[in-house]
Amino acid sequence: IPALAFVTCYRGRSLMRRGAVAQAEADARTTLELLTSHDIRLGAPIALGLLIEALIEGGDHAAADRALRGSDVGEELPPGWSTTYLLRARGLLRLAQGNASQGLDDLTEFGRRDELWGLANPLASRWRSDAALALATMGDREKARRMASEDLERARRWGAASGIGIALRAVALVEGGEAFADRLRQAVDALAVSPARLEHARALTDLGAALRRSNRRAEAREVLADGLELAERCSARALAERARAELRAAGGRSSDPESPGVEQLTASERRVAELASQGHSNPEIAQTLFVTRKTVETHLGHVYRKLDISGRGELPRALGEH
């Protein structure tokens with residue numbers, strides 16, 4: 001069980017880096033259920049951090065906050081490799097909630113611990129870019145520029161396209177100026193050849209917003225449409241809503257995010273629904289996903305309600321229509 005939980009959690013982290021937010025959330029929840037149902041504490045903070053990060057990107061800050069408060073971790077996270085990742089996730093949550101000061105404190109402490117544990121890979125950490133944006137929000141532009149530039153230098157030494165693109169975006173956002181859009185375009189180009197789809201969508205949305213503000217509306221609509229499509233494919237609801245609002249402000253049209261159907265299913269519900277539509281029984285689904293039968297029943301109840309169907313016999317048609 002610990003080995004399975006470990007592999008599932010780290011698959012989720014990989015999925016999160018690639019921008020598969022819903023799948024990462026499902027892996028985080030599966031990991032936590034495996035660990036808690038067998039009273040295993042080792043590794044739970046990592047899975048909790050992954051869940052919080054996925055919920056933030058999914059636009060459900062309240063659920064992320066509940067997950068954190070409902071855990072048995074206190075305000076003071078003890079030193080250790082398993083709590084380091086949770087510290088970064090808590091910092092991101094605080095930033096998303098508008099608490100830049102506490103978010104910056106968490107990210108800075110994460111960076112200190114990351115160095116201490118010998119894990120300071122600029123591609124893996126990425127905390128400096130987030131911290132730079134927090135500093136800019138707090139009005140400390142000079143320190144924000146220094147931190148963003150340091151992150152870009154480290155990323156270029158490492159050489160991975162995703163790290164370079166993320167750092168380029170941070171530099172653009174904290175420096176602003178006349179070359180703002182050009183710097184964002186460099187970030188978009190770097191991320192386009194990386195597997196980091198969510199970060200690519202984020203940079204596209206920022207670039208589209210910058211083009212709109214500079215009255216290049218036709219170009220902005222094209223970029224924003226790409227950003228919106230990519231954000232929706234990543235299940236990054238918060239980013240998709242921002243891209244949608246920018247696209248409308250630029251004079252474009254976007255799909256209705258409230259449309260019913262498969263798009264409203266969570267990743268876990270979608271997995272259960274697909275297995276059920278293939279003819280698997282509830283016990284078989286529970287065994288395949290390493291969850292309880294009660295969990296399967298609950299997910300199916302939500303699926304039936306969201307798809308407006310009466311039972312599993314209608315699942316193939318309902319899933320195939322969307």
Side-chain angles (χ1 to χ4, degrees), residues 1-17 20-114 116-117 119 124-127 130-131 134 235-238 266-269 271 289-292 294-295 298-299 302:
I1 295 299
L4 178 62
F6 180 91
V7 171
T8 302
C9 183
Y10 276 84
R11 179 179 65 180
R13 290 187 64 179
S14 177
L15 287 166
M16 191 70 209
R17 288 299 175 86
V21 175
Q23 294 92 327
E25 179 188 341
D27 275 353
R29 292 189 183 279
T30 298
T31 301
L32 287 170
E33 185 167 351
L34 278 168
L35 295 175
T36 55
S37 63
H38 291 84
D39 196 25
I40 301 171
R41 294 181 178 271
L42 182 64
I46 300 176
L48 177 60
L50 175 61
L51 176 61
I52 289 171
E53 188 176 350
L55 289 171
I56 293 170
E57 297 297 350
D60 199 341
H61 299 168
D65 190 63
R66 287 195 302 271
L68 179 61
R69 294 180 184 277
S71 67
D72 59 359
V73 299
E75 184 67 21
E76 296 296 328
L77 297 178
W81 68 270
S82 65
T83 57
T84 300
Y85 184 69
L86 177 56
L87 185 62
R88 176 180 179 273
R90 189 177 72 178
L92 294 176
L93 175 58
R94 286 173 166 172
L95 292 181
Q97 292 171 326
N99 192 337
S101 178
Q102 285 190 326
L104 178 61
D105 288 344
D106 277 349
L107 291 174
T108 303
E109 177 60 15
F110 165 82
R112 188 190 71 80
R113 295 187 188 185
D114 201 42
L116 183 65
W117 282 88
L119 306 174
S125 299
R126 301 180 175 178
W127 71 274
D130 293 319
S235 300
R237 296 185 185 90
T266 67
S268 297
E269 291 165 353
R271 283 184 177 182
L289 299 180
F290 298 96
V291 298
T292 65
K294 180 64 176 176
T295 298
T298 300
H299 284 328
H302 293 164

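Every heavy atom of this structure was used, including side-chain atoms; hydrogens, water molecules and symmetry mates were not.
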Exercise. If you round to the nearest 0.5 Å, how far is CG of L50 from CZ of R29?
Worked result: 10.5 Å

Problem set entry | Minimal non-hydrogen separation, L32 against A44, with atom names | CD2-O, 3.7 Å

For this session: Mark yes or no: R90 above the aromatic ring of Y85, with NZ or CZ under 6.0 Å from the six-membered ring centre and no more than 45 degrees from the axis.
Result: no

Problem set entry | Atom pair CZ/CG of R88 and L93 - distance to nearest 0.5 Å | 12.5 Å

Exercise. Looking only at side chains, do Q102 and D105 share a donor and an acceptor under 3.5 Å apart?
Worked result: no

Problem set entry | Over all atoms of both residues, closest heavy-atom pair of G58 and R237 | O-CB, 3.1 Å

For this session: Return the minimal non-hydrogen interatomic distance between G103 and L95, and the atom names on each side.
Result: CA-CD2, 3.9 Å

For this session: Could you check L104 against T108 for side-chain contact (heavy atoms from CB on, under 4.5 Å), going step by step and ending with a plain yes or no?
Result: CA-CA 6 Å; L104 178 61; T108 303; 3.9 Å; yes

For this session: Could you tell me the separation between the CG atom of L48 and the CG atom of L68, rounded to the nearest 0.5 Å?
Result: 6.0 Å

For this session: Dump the intermediate steps for side-chain contact (heavy atoms from CB on, under 4.5 Å) on E109 and D106, then the final yes or no.
Result: CA-CA 5 Å; E109 177 60 15; D106 277 349; 5.7 Å; no

Problem set entry | Nearest heavy atoms of E33 and T36, plus distance in Å | O-OG1, 3.4 Å

Exercise. Distance from L289 atom CG to T295 atom OG1, nearest 0.5 Å?
Worked result: 10.0 Å

Exercise. With a 4.5 Å limit on heavy-atom distance, are the side chains of H299 and K294 in contact?
Worked result: no

For this session: For the pair E57 and M16, evaluate side-chain contact (heavy atoms from CB on, under 4.5 Å) and give the outcome as yes or no after the intermediate values.
Result: CA-CA 10 Å; E57 297 297 350; M16 191 70 209; 3.4 Å; yes

Exercise. To the nearest 0.5 Å, how far apart are CD1 in I1 and NE2 in H38?
Worked result: 4.0 Å

Exercise. Do E269 and H302 have a side chain donor and acceptor closer than 3.5 Å?
Worked result: yes

Exercise. For the residue pair T31 and A47, what are the closest heavy atoms and their distance?
Worked result: CG2-CB, 3.6 Å

Exercise. Do L55 and H61 pass the side-chain contact (heavy atoms from CB on, under 4.5 Å) test, and can you show the C-alpha distance, the side-chain angles, and the key distance before you say yes or no?
Worked result: CA-CA 7 Å; L55 289 171; H61 299 168; over 6 Å; no

Problem set entry | Close side-chain approach of Y10 to I46, heavy-atom, < 4.5 Å | yes

Exercise. How close do A22 and S235 get, heavy atom to heavy atom, and via which atoms?
Worked result: CB-OG, 3.6 Å

Problem set entry | salt bridge (Lys or Arg N to Asp or Glu O under 4.0 Å) between D65 and R69, intermediate numbers included | CA-CA 6 Å; D65 190 63; R69 294 180 184 277; 2.7 Å; yes

For this session: Decide yes or no for L77 and R113: does some side-chain heavy atom of the first lie under 4.5 Å from some side-chain heavy atom of the second?
Result: yes

Exercise. Quick one: OG1 on T30 to CG on L35, what's the gap to the nearest 0.5 Å?
Worked result: 10.5 Å

